[in-house]
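Can you keep this structure in mind? I'll have questions shortly.
Just so we're clear, the structure is a prediction, and the values are computed from it rather than from any experiment. Order of the sequence lines fixes the chain letters, A, B, ..., with proteins taken first and strands second; residue numbering starts at 1 for each chain.
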Amino acid sequence: MRSVPHDLRILARGRDGRAVLALPGDDGRPVGIEHMDLDELPGRLAAVERAEHPRWVWSDARDHLPRLLAAGVTVERCHDLRLVHQILVHAASVPSDDRAALLAAAAWAVPIAEATAPEQEGAAALFDLEATGRPDQVPADLDETCAELSRQLRAIDGAQDPSRLRLLAAAESSGAIIACELRAAGIPWDVAEHERILVEHLGPRPSPGAAPARMAELAAEVREALGDPLLSLDSPPRLLRALHRAGIDVSSTSKWELEGIDHPAIAPLLAYKRLSRLLTANGWAWIGGWVRDGRYRPVYVPGGVVTGRWASSGGGALQIPRLLRPALRADPGWTLVSADVSQLEPRVLAAMSRDGEMARAGRGTDLYAGIVAAGVVATRQEAKVGVLGALYGGTSGDSGRIVPRLREVFPDAMRLVDRAAEIGEVGGTVSTWLGRSTPPADERWSAAQRAAHQVDATSTEQERARRSARDRGRFTRNFIVQGTAAEWALAWMALLRQELAAFEPVAPELAASGSGPLFSRRAHLAFFLHDEVIVHAPLSQAEAAAAAIRDAADQAGRLLFPGTEVDFPLDLAIRERAVKD
DNA sequence: GGTCTGGGCGCG
DNA sequence: AAAGCGCGCCCAGACC
């Protein structure tokens, strides 16, 4: 009834730590089985790659790829069974018995592993399994791999729109490769510049346990202004009590509540908080823990967020403060090509909903300016607040005032997100454009809704249930947009990676020092942040890399939304350092 | 000693 | 006052 795609090639774990290559047969059983030692694998795999350009089926990129990359070998395409399992097991478009079969294969649903800072790794362990944060849990032997592949192919083939799920599986799997490659290549990191920024803001590096000079000064000012000479600023409850004693009426110590209060303690306190954050999150300890040989090598976690966005594990790769962006710096003779998409999420919404009016507002560069130009609102700020309110479910304040206006002007777009919210509020499932679905509402949520519908429900129970229903509505409203934007970004990166891989290597004397065997002689992806990429490129390839980034964005739009009027303009810059403006 | 939770804040 | 989504990380405090 169904034939296995002919370009699949299986890489699995053999007995005694050996590797095994095979082809999936039409009956689901492996054929053409080859066993080999691990040190033979990169050479053999590279030969198959060159000759056949297969799609490699493996349990988990993290099982195999780090070792291959260290040996200078990578692959064009894969099918990552763990990631695709995670998608298919919830996908609403997959028939329920196929989903049940996947659910029964519970070992494929492994939790995200912790990252290990390089300082805790042996130097030789950098590319071992342990170092990639991957416990040995997924059943990766040949039979299990084939069985799971069969389940997944059946699930996709039986889905309402197999082509979308196939595209999603390919994009997600490509992300698995890219995440490993990003770690192997690393972010070129200028430690001297990072330290200069720390000293500029905090003062000289303090001895262990001591506070930096600037923080100590600010803390003294705060204690003086509050008349509390022994106060610790690092304990929110104590700080809150001290603020109350000083007559400052706040309900928390958070900065948005403190801002705007007129008291001599506030300015130094806010400054202290800012510095404290810099020190603890990205101070000298962070450099020592995460930067080695001029590279920051974060662990990216594709599919780590329910919506399909990537998460990161260790070092906070997706939360690097803007203040430290200048430390992201190209190697000598190289440059950074940085690009981010302007207003990705509203553009994705316009494309998904085929809202022509919204597509037209975005044509050119700035969607918010387009909304102003169309006469919908008076200022760019209002346009932005309104659109974010539409995407997030804002009801009060400025966004609550503006969203109804957007509902008149962009009826198709607003209907799509409003409908997603309605479905979520009653416990339903919504899906992204390519078919990633929300997990079912958890049992506590459903129990609260049931309780509120009993005849003897208290008003507290009813109010709590209404609130959690609205919470879930905002989640599902945002899910379809954030998740589809993540799909667009995956396609963008996958297409970009393909283009960069075709670049000619530069001369050996122009090689980057720390990017590893595969990436030191041609432009390569170095950083990814939801709607933003940075490519590290030899100077001679910078313009070509910029063109590739733009071309990949155009192609991604057409791939996901054939015939769409929506464009995806980029802010792009070629600079030595990744600073904005 | 360890683990867990919430506050707070960085990113999109 | 964070109004409105999704994260990770650090710290203090609570608890075992």
Is the phosphate of dG4(C), meaning OP1 or OP2, less than 4.0 Å from a side-chain N or O of S399(A)?
no

Can you check whether K273(A) has a side-chain N or O nearer than 4.0 Å to OP1 or OP2 of dC9(B)?
yes

Which of the following nucleotides, dC7(C), dG12(B), dA12(C), is nearest to the side chain of D234(A)?
dA12(C)

Within the structure, does a side-chain N or O atom of S276(A) lie under 4.0 Å from either OP1 or OP2 of dC11(C)?
no

Residue met sooner reading DNA chain C from 5', once G389(A) and A311(A) are mapped to nucleotides
G389(A)

Assign L344(A) to base, sugar-phosphate, or nothing according to its heavy-atom contacts below 4.0 angstrom with the strands shown.
nothing

For Q482(A), which contact category applies under a 4.0 Å heavy-atom criterion: base, sugar-phosphate, or nothing?
base

Side-chain atoms of T253(A) come closest, of dG4(C), dG8(B), dA2(C), to dG8(B)

Give the dot-bracket string for DNA chain C, reading 5' to 3', where a pair is Watson-Crick or G-U wobble with both distances under 3.5 Å, ( ) marks pairs inside the strand, [ ] marks pairs crossing earlier ones, | marks a partner on another strand, and . marks unpaired.
....||||||||||||

No-hydrogen, no-angle side-chain donor-acceptor test under 3.5 Å, E425(A) and T476(A):
no

For F528(A) and W492(A): C-alpha separation, side-chain torsions, deciding distance, then whether ring pair (Phe, Tyr, Trp, His ring centres under 6.0 Å) applies.
CA-CA 11 Å; F528(A) 169 61; W492(A) 182 33; 7.7 Å; no

Mind checking R238(A) for me? I need base, sugar-phosphate or nothing, with any heavy atom below 4.0 Å counting as a touch.
sugar-phosphate

When you measure only distances, ignoring hydrogens and angles, does the side chain of R277(A) come within 3.5 Å of the base of dC9(B) through a donor and an acceptor?
yes

Between C1' of dG12(B) and CD of Q343(A), the distance in whole Å:
13 Å

Which whole-number value in Å describes the distance from Y272(A) OH to dC11(C) C1'?
11 Å

In whole angstroms, how far is the P atom of dG6(C) from the CZ atom of R474(A)?
9 Å

Y392(A) OH to dG6(C) C1': how many Å, rounded?
8 Å

Do the ring centers of F561(A) and W433(A) come within less than 6.0 Å of each other?
yes

Evaluate the side-chain proximity of S251(A) to E257(A): yes if any heavy-atom separation is below 4.5 Å, no if none is.
yes

In terms of heavy-atom contacts, does CZ of R354(A) have more than 12 from other residues, nucleotides or ligands at under 6.0 Å?
no

Return the NE2 to CG distance between H524(A) and L496(A), rounded to the nearest 0.5 Å.
12.0 Å

More 5' along DNA chain C: T280(A) or E259(A), using each one's nearest nucleotide?
E259(A)

Please state whether the base of dG12(B) and the side chain of R309(A) form at least one donor-acceptor pair under 3.5 Å?
yes

Could you tell me whether G394(A) contacts a base, only the sugar-phosphate backbone, or nothing, with contacts defined as non-hydrogen atoms closer than 4.0 Å?
base

Answer yes or no: is there a donor N or O on one side and an acceptor on the other, between the side chain of R472(A) and the main chain of G428(A), under 3.5 Å?
yes

Nearest whole angstrom, please: distance from the P of dA3(C) to the CG of N478(A).
14 Å

Using the P atom as the point on both nucleotides, what is the distance between dG7(B) and dA1(C), in whole Å?
15 Å

Main-chain N/O of N282(A) paired to H194(A) side chain as donor or acceptor, under 3.5 Å:
yes

Scan G260(A) against the nucleic acid and name what it touches under 4.0 Å (heavy atoms): base, sugar-phosphate only, or nothing.
nothing

Could you check whether V306(A) gets within reach of a base, just the sugar-phosphate, or nothing at all, counting any heavy atom under 4.0 Å?
sugar-phosphate

Considering only heavy side-chain atoms of S235(A), the closest of dG4(C), dG13(C), dG6(C) is dG13(C)

Students often get this wrong, so: under 4.0 angstrom with heavy atoms, is S232(A) touching a base, only sugar-phosphate, or nothing?
nothing

Please give, in whole Å, the distance from dG12(B) P to L349(A) CG?
21 Å

Between dG10(B) (C1') and L529(A) (CG): distance, integer Å:
11 Å

Measure CG/L388(A) against C1'/dG4(C) and give the value in whole Å, please.
9 Å

Here's a test for you: under salt bridge (Lys or Arg N to Asp or Glu O under 4.0 Å), which of R380(A), R347(A), K384(A) qualifies with D366(A)?
R380(A)

